[in-house]
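Every chain is numbered from 1 and lettered A, B, ... according to where its sequence line falls, protein lines coming before strand lines. Since this is a predicted model, take the numbers as computed values, not measurements.
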Protein chains: 2
Amino acid sequence: MAANVLVVEDEPAILELIAVNLEQAGFHVLRASEAETALRLIGEALPDLVLIDWMLPGLSGIELVRRLRREERTRALPLILLTARGAEVDKVLGLEAGADDYVTKPFSPRELVARIRAVLRRRRPEVGEEVLEAGGLKLDPAARRVLAEGRVVALGPTEFRLLHFLMVHPERVHSRSQLLDRVWGDHVFVEERTVDVHVRRLRAALEPYGMAGLIQTVRGAGYRFSVQTAQEA
Amino acid sequence: MAANVLVVEDEPAILELIAVNLEQAGFHVLRASEAETALRLIGEALPDLVLIDWMLPGLSGIELVRRLRREERTRALPLILLTARGAEVDKVLGLEAGADDYVTKPFSPRELVARIRAVLRRRRPEVGEEVLEAGGLKLDPAARRVLAEGRVVALGPTEFRLLHFLMVHPERVHSRSQLLDRVWGDHVFVEERTVDVHVRRLRAALEPYGMAGLIQTVRGAGYRFSVQTAQEA
DNA sequence: CGAAACGGTGACGGTTTCGTGACATTTTCG
DNA sequence: CGAAAATGTCACGAAACCGTCACCGTTTCG
């Protein structure tokens with residue numbers, strides 16, 4: 001496989017120890033001793049996975065995780081946190097910030113490699129997320145980006161999820177409650193009319209590109225994403 | 001109820017644990033330890049619901065979901081994903097791939113059963129969703145759309161339900177009161193003549209496509225949907 | 001033949017549904 | 001902390017939709 005792994009660790013001895021072990025396991029290793037360097041390296045060549053020490057000079061590890069999760073380009077990047085032993089709080093914080101796994105120090109090289117492989121394996125189906133294309137629209141789930149005729153459409157998180165869901169199930173009417181269940185989540189309670197408002201926002205965002213008609217209202221039933229124009233003489 | 005549930009899980013211990021619990025809850029359980037077996041079993045005897053582990057050897061769980069959603073025969077099959085992490089990402093991915101719900105491991109047996117029941121309940125009204133085709137007309141219940149020779153016909157909600165009912169029971173006369181019961185609902189009270197008006201509106205909507213004759217009046221009895229050309233002798 | 005029954009048709013008022021703009025609140029981010 | 005973005009809710013108005021009725025031509029049958 002020969003995956004690229006970036007290791008971010010400020011203690012030189014530990015950094016080398018990890019790097020050597022990973023290289024021996026067949027990974028290609030990049031090194032960074034602080035968050036800033038890590039960000040630069042990630043920007044230059046997107047690695048397949050990043051191993052981040054919790055405690056870093058300057059930007060802390062968890063802060064780095066947050067930063068990476070915010071950027072669209074690095075949102076799906078597999079991250080593993082290195083934390084001191086027994087720090088239960090850290091684990092929770094780390095996972096909540098968006099890390100995929102954590103490894104407590106001290107760790108055995110074998111365990112570390114196993115975790116890395118597991119995360120890479122787990123991520124695989126996510127990376128293979130299909131790009132959806134219909135009616136001049138292109139939606140890339142991995143990049144969390146929508147293109148209309150090649151131009152980027154600015155969408156809020158909810159609008160994106162809504163469009164995503166509609167494009168996964170096109171040519172099919174979804175009631176407001178179905179949309180609430182599947183786009184908002186069945187545990188959330190919001191007014192059904194809220195769907196209308198987000199549909200409107202989504203249409204407004206698509207309208208400059210002339211593709212507002214893709215989202216159709218079916219009176220008394222719900223909404224539908226459809227390539228078929230409803231026109232007839 | 002005695003619904004058939006197929007459990008797809010590669011870990012034998014967990015598979016048995018789930019199976020036993022479901023059987024105790026009154027379900028009939030089919031077992032599969034990898035996606036390929038699952039596909040074969042589904043092909044042989046369509047279960048009422050499939051429980052799929054997210055991580056499977058070979059074809060992954062989410063890939064299996066996609067596969068099932070593509071096939072016409074299994075499109076409406078209720079699916080529940082078992083995911084290891086509580087991560088929001090997995091949930092969204094799973095649901096968008098077409099799963100109906102997800103359950104995170106570890107889970108309580110009671111929760112699992114509750115979820116299964118909920119999904120089965122939710123899916124129930126989705127029977128009778130097959131596309132109807134007759135006399136150049138195509139009615140798609142899921143899309144809530146009617147095509148006449150491939151062109152979209154604009155119908156109001158009641159007109160749509162009326163046409164749907166007539167097409168489900170073609171070549172058969174329905175009295176006004178029967179139509180009121182089945183299309184409007186037996187609890188509603190409206191004049192019988194109202195049916196006439198809606199039939200007229202439906203005919204008017206179909207007329208531009210030259211298919212108004214599909215809905216025939218049977219004097220003294222009611223209305224009938226028929227592909228047989230009305231012969232006048 | 002003529003009255004009664006029946007169904008087609010156009011119109012009208014009331015109701016429901018949906019789009020839209022505005023607003024307050026929460027969340028995000030620098 | 002303060003600005004900006006996102007979100008949920010509401011009120012208003014327009015449009016779609018619905019049920020009813022009156023009127024009229026057609027059919028039925030004594």
Exercise for review: Measure the distance from CG on A:L179 to P on D:dG8 and round it to the nearest whole Å.
Suggested key: 13 Å
Check your understanding: Quick one: is A:T158 getting a side-chain N or O under 4.0 Å of the D:dA6 phosphate, OP1 or OP2?
Key -> no
Practice item. Could you pull out the closest heavy-atom pair between A:V190 and A:W184, with the gap in Å? Key: CG2-CD1, 4.2 Å
Study note, to complete from the structure: Closest non-hydrogen contact found for A:N4 with A:H28 is OD1-ND1, 2.8 Å
Point to revise | Which atom of A:R176 lies closest to which atom of A:Y223, heavy atoms considered | key: NH2-OH, 3.4 Å
N/O to N/O distances under 3.5 Å, protein versus nucleotides 17-23 of chain C:
unit_1 : atom_1 : unit_2 : atom_2 : d
C:dT17 : O4'    : A:R219 : NH1    : 3.3
C:dT17 : O2     : A:R219 : NH2    : 3.1
C:dC18 : OP1    : A:G220 : N      : 2.7
C:dC18 : OP2    : A:R176 : NH1    : 3.4
C:dC18 : OP2    : A:R176 : NH2    : 3.2
C:dC18 : O5'    : A:R176 : NH2    : 3.3
C:dG19 : OP1    : A:R203 : NH1    : 2.9
C:dG19 : OP1    : A:T217 : OG1    : 2.3
C:dG19 : OP2    : A:Y223 : OH     : 2.6
C:dG19 : N7     : A:R193 : NH2    : 2.8
C:dG19 : O6     : A:R193 : NH2    : 2.9
C:dG21 : OP2    : A:R200 : NH2    : 2.9

Study note, to complete from the structure: note: A:F160, atom CZ; D:dT7, atom C1'; distance rounded to Å ~ 18 Å
Check your understanding: Taking CZ from A:R161 and C1' from D:dG8, how many angstroms apart are they, rounded to a whole number?
Key -> 13 Å
Revision key, fill the gap. Note: B:A154 and B:A205 closest approach over all heavy atoms is O-CB, 3.8 Å
Review point. Does the separation of the ring centres of B:H169 and B:F225 fall below 6.0 angstrom?
Key: no
Point to revise | Minimal non-hydrogen separation, B:L49 against B:L77, with atom names | key: N-CD1, 4.4 Å
Exercise for review: Taking all non-hydrogen atoms of both residues into account, name the closest pair between B:V173 and B:A221 and its distance.
Suggested key: CG1-CB, 3.8 Å
**Study point:** Near-strand residues of residues 182-190 of chain B, defined as heavy-atom separation under 4.0 angstrom from DNA chain D
**Key:** B:W184, B:V190
Practice item. Find the distance B:I215:CD1 to C:dG7:P and express it as a whole number of Å. Key: 16 Å
Revision key, fill the gap. Rounded to whole Å, CG of B:L180 lies from P of D:dT20 at a distance of 9 Å
Check your understanding: Is B:Y209 reaching over with its side chain to a backbone N or O of B:L137, donor-acceptor style, under 3.5 angstrom?
Key -> no
